[in-house]
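Worksheet: the structure to be examined is printed underneath.
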Amino acid sequence: MEHTSLLERILRGIALTLVVIFFMFPIVWIFMMSFQTNETILRIPPQLVFKPTLANYTALITGKLTTAAGTLDIAFMRNLWNSVFLSVTSVAVALLLGVPAAYAFARHKFRGSEDIAFTLLSFRFAPALLVLLPLTLYFQKLGLANTYIGLIWVYQLICLPLILWIVRGYFEDIPADIEYAYRIAGHSWFATFRKIALPLAGPGIAAAGLLAFIFAWNNFVFALVLASADKQPVTVGALAFITSSGIQYGQISAAIVLSITPTLALALYAQRYLVEGLSLGAVKG
Amino acid sequence: MASLELRNVVKRYKSQTVLDNLSLTVADGETLVLFGPSGAGKTVLLRLVAGVIDPDEGKIFIGGEDMTDLDAEFRGVGMAFQNFALFPHMTAFDNIATPLEASRSSQSAIKAGVQNVAKLLKIGHVLSHKPRALSNGQKQRTALARALVGSPPVLLLDDPLRNVDAKLRFEMRLELPRLLADRGATVVYVTQDYKEAMALGDRIAVMSQGVIKQLGTPEQIYREPANIEIARLFGDPTINLLDVKPSRDAKGIYVGLSNVQVHLTGAYDATVGRDCVIGLRPEALSFVDESTPAAIPVTVEAETPLNEKIVTLVRTVRGREILVSRPAGTPGQSEGRAHIAVDGKSALLFDRASGDRIGSKNVINLRSGEAA
Amino acid sequence: MHEKEKDLIDAFLRGQVDRRGLIKGLGAMGLAASTAGTLLNLGQTRALAADFDWQAHKGKTIKLLLNKHPYADAMIANLENFKKLTGMEVVYDVFPEDVYFDKVTAALSASSPEYDAFMTGAYMTWTYGPAGWITDLNEWIKNPTKTNVNYAWDDFLPGVRKSCAWNGQPGGVLGSDDAKQWCIPWGFEQNNITYNKGMFDKVGVSVPGNMDEMVATAAKLTKDVGGGVYGIGVRGSRSWATIHPGFLSAYANFDQKDLNVSADGKLSAAMNTAESKAFHKQWVQMIQESGPKDWSTYTWYQVGTDLGAGASAMIFDADILGYFMNGGDNKMAGKLAFSAFKANPAAKAPTPNIWIWSLSMSNFSKDKDATWYFMQWASGPEHALFGATKMDFVNPVRQSVWKDEMFREKLNKSYPGYVEMFDVSAPGASIKFTPQPLFFDLTTEWAATLQKMVAKEVPVDEGLDMLATSVDGQLKEAGLG
Amino acid sequence: MTAATMQRNRPSGFRISKRVLPYVLSLPALLVCIGILIPFFTSVVYSFQRYRLSQPWARQFNWGDNYISFFTDPRFWNTLEISLLYAGITVLLELLLGLGIAMLLQKRSTLNNFISIMLLMPLMTAPALAALMWKLMTNPGFGVLSYLASLIGLHDFRWASSPSTALFTVVLVDIWVYTPFIMILLLAGLRSLPTQPFEAAALDGVPRSFVFFRITLPMLTPYILTATLFRLLDSIQQFDIIYAMTQGGPGDTLTVFQVEAYLNFFQSTNVGRSAALMIILWAITYFLSNIFIKNWLRLRERARGQA
């Protein structure tokens with residue numbers, strides 16, 4: 001890396017700048033819109049200069065949305081809480097179920113293991129609609145419709161295969177000898193799992209968990225179909241700003257900003273896990 | 001302390017048989033070296049004993065007790081791995097302490113135990129380091145310390161010197177026998193280095209393709225190799241192998257080398273007229289005067305010192321290349337024409353078709369697994 | 001409450017004192033207007049309770065599924081009165097309109113007993129009814145023991161009421177004698193013109209009187225207003241919603257139909273007539289020349305937003321959309337005007353197709369009698385008046401509300417021309433679609449065909465022939481053709 | 001001679017057999033998913049029925065009719081074509097872009113780490129909401145992108161509303177949302193590669209292109225496969241972005257599988273056709289993922305063989 005030419009460094013810089021602009025511009029634009037009212041957002045042509053207002057955030061946090069058609073009650077904070085609760089719990093359950101399973105697939109080549117692993121993965125790729133609609137019927141019969149438990153179960157469709165397959169790779173990358181050494185030293189398989197496999201695959205588990213969290217957070221259709229309004233996540237909740245008196249772009253923007261914030265905070269906190277953790281070389285180094 | 005026995009053990013991976021009906025007994029306190037090329041099944045055998053993999057057939061006894069179905073943690077063995085297999089997230093101290101923790105020793109006992117073995121292996125100063133910060137030699141000693149610390153009755157050492165530099169290997173080769181003897185443990189030691197095998201083993205088991213080809217003391221293996229392959233593996237420089245067809249004359253059985261008749265001793269009667277290979281250790285050859293009876297004329301091609309020996313490559317009049325070795329400082333010839341003599345008594349004769357040594361008493365029967 | 005105040009309120013409720021008089025009178029008694037409102041509500045509750053056993057289902061709870069809409073807001077604002085009146089508890093889920101109908105379909109197709117009643121449009125009952133998801137409400141409406149005499153079923157605008165009744169036969173006439181009342185109308189929308197008066201004046205055009213004029217006016221507006229403003233806003237997304245507002249209203253004005261119904265009840269496509277083709281050509285030309293550039297993604301809220309923000313000069317869409325755009329913090333609030341629209345120069349009057357927000361009762365409801373109590377209250381005259389005068393409950397479906405002076409005055413003050421527009425188009429207003437189970441298949445494909453025509457992927461004539469063929473095929477496949 | 005000696009206890013009490021253990025570990029995950037298999041089979045049954053919610057009386061098994069009718073249905077072939085096209089284009093572009101960005105950010109530095117987290121923000125925006133914002137940004141009047149396009153002379157660029165640019169627009173949004181996913185997986189992959197081969201190549205003065213194609217790319221292949229697998233199978237099922245932006249229009253330009261099936265269910269309430277579409281989509285994804293998994297496993301096997 002030392003002997004890269006100046007030209008190359010400049011080109012790299014330009015390329016990186018373009019990338020950052022492309023991916024960040026809409027985010028910045030959304031951020032700016034979140035401090036504007038529809039009046040300034042809907043100007044022709046669009047303008048950069050505006051008088052910022054906190055009205056959108058106030059409306060979201062207090063739950064009172066003022067529109068042409070009067071003051072509406074919105075449950076955005078409730079939606080936000082639902083998103084947090086559903087995503088966190090789903091990922092936690094998926095980790096609880098998926099990590100041991102991933103370990104089993106990685107360490108024990110047992111009869112049918114590849115088939116079972118593949119079946120588990122294939123659920124990730126069953127079109128959501130395919131299972132969702134009959135599932136509604138069954139949930140009704142089981143009394144799981146409109147319960148957090150039912151939702152968390154269905155969210156496993158999103159989280160579990162992702163965790164299973166990413167974490168499995170990490171476990172496989174831990175040299176088996178390291179675990180054998182611990183077993184031979186006199187420890188049970190469970191102690192070995194806990195003291196050796198888990199810590200060594202830890203960064204990978206954290207990273208897979210974060211990705212699963214993002215996908216769970218972004219889900220839209222599961223909660224919509226299976227739960228009543230008080231259990232809806234932000235993705236559905238944000239649509240409430242499409243009202244009969246027009247789309248409240250400012251509030252949607254604020255809602256997006258607020259809905260990104262928890263995930264972003266988590267990602268920043270888990271930064272070194274996310275980038276380093278996904279690199280499977282944790283053990284090799 | 002405990003003896004170790006494998007009885008008719010078979011291990012397969014998919015369609016490949018890695019260990020084929022193998023039986024082996026290691027006496028209490030004995031050091032057995034498993035020697036053989038990679039892929040011979042040595043490591044698999046160790047792991048079967050350790051209990052981290054299961055045999056498809058057969059039984060494993062430690063101290064006379066059937067351990068076949070017992071998990072690794074209950075077998076009471078210590079093991080050092082070729083690639084060390086240190087726990088990367090623990091300090092050297094914690095690494096070494098793991099067997100003691102498993103036996104629920106007290107904190108002070110653990111501390112004393114670790115420090116004791118660390119002192120013995122001269123790694124007391126790096127106990128607080130993580131493996132990443134250790135040199136290869138330190139890693140190797142840490143791994144060894146971890147295997148030794150609990151004073152296990154059975155020690156399994158999987159080529160522990162493979163991944164360390166030559167200097168350290170040399171040092172350890174000197175240290176290890178004393179260390180192992182002090183422990184009094186039953187040791188199974190895997191290596192691909194014949195010198196290591198010779199230096200460490202009470203007995204050596206030569207393995208190839210999942211079977212034990214020969215089992216014996218280092219002396220036996222060297223003097224009476226079961227077949228050409230083993231003869232070639234033991235000895236540096238390697239043994240000279242020449243195609244011959246023994247004949248008989250009045251003096252007995254002889255083979256012709258460059259028109260010279262070299263008479264053999266021993267019961268080689270049955271070999272007359274058969275296609276054979278003669279094995280001549282380089283040190284069994286010596287430079288002699290032209291006048292010496294049965295002196296073979298050769299041309300010296302090259303000469304090189306090897307350890308405390310001098311190895312000379314010579315060519316016979318028929319164009320066959322032969323290595324001759326002599327202790328450094330003894331007279332020899334470094335160029336031109338010369339004559340060599342063969343010590344017929346130490347010559348080994350192998351059947352060319354099977355590669356087995358003729359008259360071998362130590363060949364393991366391939367099928368039954370019993371010593372013939 | 002003091003007797004004097006009680007008397008005054010009762011007088012108001014009997015119609016002897018008008019609302020302003022009431023507020024003034026109460027004000028004179030030292031009550032703030034808001035308190036007066038509360039008292040009024042209490043008075044209403046007592047008045048309703050006078051003649052009917054509202055407490056029959058006391059203690060029961062029902063659950064509603066509501067769309068995020070001013071109608072729902074108006075109902076929620078008045079809900080305390082219902083609870084007091086009946087002693088019942090009402091809970092509800094509100095979903096945004098973008099996903100509302102999908103939520104309804106999901107809940108009903110799973111036979112969910114969760115919701116007792118829900119908001120719907122009349123078109124949707126053509127699916128829900130035959131599917132067995134909703135109940136024929138005649139059973140309750142016509143039963144005097146279950147329905148308050150003051151409910152005044154005849155008070156509903158007849159065209160609207162009939163549009164919510166269907167006998168379940170594909171192609172059957174709406175509101176026929178054997179029809180089932182699948183839903184109770186709540187509020188409805190006629191499709192007319194809302195326009196930006198300032199822009200019209202600036203360019204010097206007047207409100208178009210027929211289709212030809214609309215095409216020309218829209219083109220002139222697009223050309224002359226400037227600043228990127230386009231002439232006419234209509235919907236264009238790939239959905240039934242593109243067909244039912246302005247488009248079908250104008251189409252029906254030319255006496256064109258979506259489907260033919262033969263004597264033996266078989267259905268066949270009717271949109272490839274010569275008149276239809278001529279009309280489609282005009283419509284497509286109008287969008288190409290003066291519609292929004294990204295017309296094919298336009299739903300009602302883009303149509304509305306553009307008008308409110310001054311990006312379009314007029315819309316041919318739901319009148320209440322224009323109503324909402326003329327208020328609030330919209331840039332064009334107070335600058336919009338309304339006009340009824342008769343597309344066919346030869347027609348006598350406008351024939352707007354209508355959208356009706358209504359209430360349906362779920363067949364999976366565990367207590368239908370109790371649910372009906374809520375439905376008759378929510379669609380009753382008192383709540384209609386409350387919604388219309390105090391909230392944005394336009395357009396009410398009860399004739400008595402349209403006769404209410406305070407309501408007319410409120411509209412006339414802030415929404416000039418709105419009442420006249422309503423009066424002109426109301427007689428011809430009804431659902432112009434043929435009721436049948438493939439309604440959404442047909443209209444979605446129709447919208448997609450329009451998109452192809454506007455994008456010049458297919459000529460109008462050919463596109464309509466293809467559409468007709470495809471529709472006939474689907475009708476046959478479903479056993480309807 | 002040591003202070004502590006090992007005491008090995010014979011196993012006592014309850015003990016999970018070695019053979020059973022892996023099943024015990026994977027069973028809970030499997031059971032959770034089995035619960036989801038049941039509705040899956042229900043859907044298979046539906047797909048063999050003539051089943052419209054609005055005509056319950058006409059419901060009956062028509063066996064393969066739903067599938068057979070697809071062969072002669074131009075709408076279906078259009079759906080198949082556009083779904084594969086969409087998936088192909090998005091995955092290819094995202095892969096190239098993701099790899100490029102990952103290589104730009106490969107060097108470990110605070111700035112690069114920070115940028116890589118920032119670039120994840122599009123992924124954190126729910127696709128449904130992201131589509132809504134892009135719709136606003138591409139609005140011909142208020143849209144900032146339309147405005148910027150007009151500055152460079154594209155006055156009449158219609159984004160998602162014109163059949164000729166609709167695909168481009170949704171692909172653009174898809175790239176915006178999902179490239180970070182590929183980028184982060186490949187970045188991790190790049191950073192975990194052993195350094196020796198690269199150092200050796202640098203010392204020997206091997207050309208960069210050679211290093212890239214003969215060293216970097218082969219070593220990165222398992223990561224590329226994983227990323228592509230997840231992305232491809234998600235992409236062929238794309239719904240949120242397309243539905244929110246165009247509902248499958250204009251015309252039938254973007255009626256991909258999930259959109260078509262969604263409309264068939266929720267609007268037409270034609271459950272039979274909707275289920276049949278889904279089953280075909282599932283079969284395609286199953287087929288594709290099978291290929292990928294096989295390769296992935298083989299690569300892992302090979303990588304292990306080298307180690």
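Remember, predicted model here, so these are calculated numbers, not experimental data. First the proteins, then the strands, lettered A, B, ... as listed; each starts at 1.
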Checklist entry - So, the side chain of A:Gln156 versus the backbone of A:Ile152: is there a donor-acceptor pair under 3.5 Å, distance only? => result yes
Next on the checklist: One pair to check against salt bridge (Lys or Arg N to Asp or Glu O under 4.0 Å): A:Arg183 and A:Glu179. What are the steps and the verdict?
Outcome noted: CA-CA 6 Å; A:Arg183 288 298 293 276; A:Glu179 289 183 32; over 6 Å; no
Item to check | Side-chain (B:Gln138) to main-chain (B:Ser135) donor-acceptor, under 3.5 angstrom | outcome: yes
Checklist entry - Among residues 40-52 of chain B, which residues come closer than 4.5 Å to chain A, judged by heavy atom distances? => result B:Arg47, B:Ala50, B:Val52
Next on the checklist: Tell me which of these, B:His89, B:Glu101, B:Arg146, B:Met79, has more heavy-atom pairs under 4.5 Å with chain A than the rest.
Outcome noted: B:His89
Checklist entry - Sub-3.5 Å donor-acceptor pair from the side chain of B:Ser3 to the main-chain atoms of B:Val26, do we have one? => result no
Item to check | Non-hydrogen side-chain atoms of A:Leu86 and A:Phe222 separated by less than 4.5 Å | outcome: no
Next on the checklist: Report which part of B:Asp158 has an atom under 4.5 Å of a heavy atom belonging to chain A: side chain, backbone, both, or neither.
Outcome noted: neither
Checklist entry - Do side-chain atoms of A:Thr235 reach the backbone of A:Asn219 as a donor and acceptor pair under 3.5 angstrom? => result yes
Checklist entry - Taking every heavy-atom pair that is under 4.5 Å apart, which of B:Ala85, B:Pro131, B:Ala80 has the most such pairs with chain A? => result B:Ala85
Next on the checklist: I'd like to know if the side chain of B:Asp66 pairs up with that of B:Thr68 as donor and acceptor (distance under 3.5 Å, no hydrogens or angles considered).
Outcome noted: yes
Checklist entry - Which of the residues A:Ser188, A:Ala176, A:Ala191, A:Ala181 is involved in the greatest number of heavy-atom pairs with chain B at under 4.5 angstrom? => result A:Ala181
Item to check | Side-chain (B:Lys130) to main-chain (B:Pro88) donor-acceptor, under 3.5 angstrom | outcome: no
Checklist entry - Does any heavy atom of chain A fall under 4.5 Å from the side chain of B:Ile53, the backbone, both, or neither of them? => result side chain
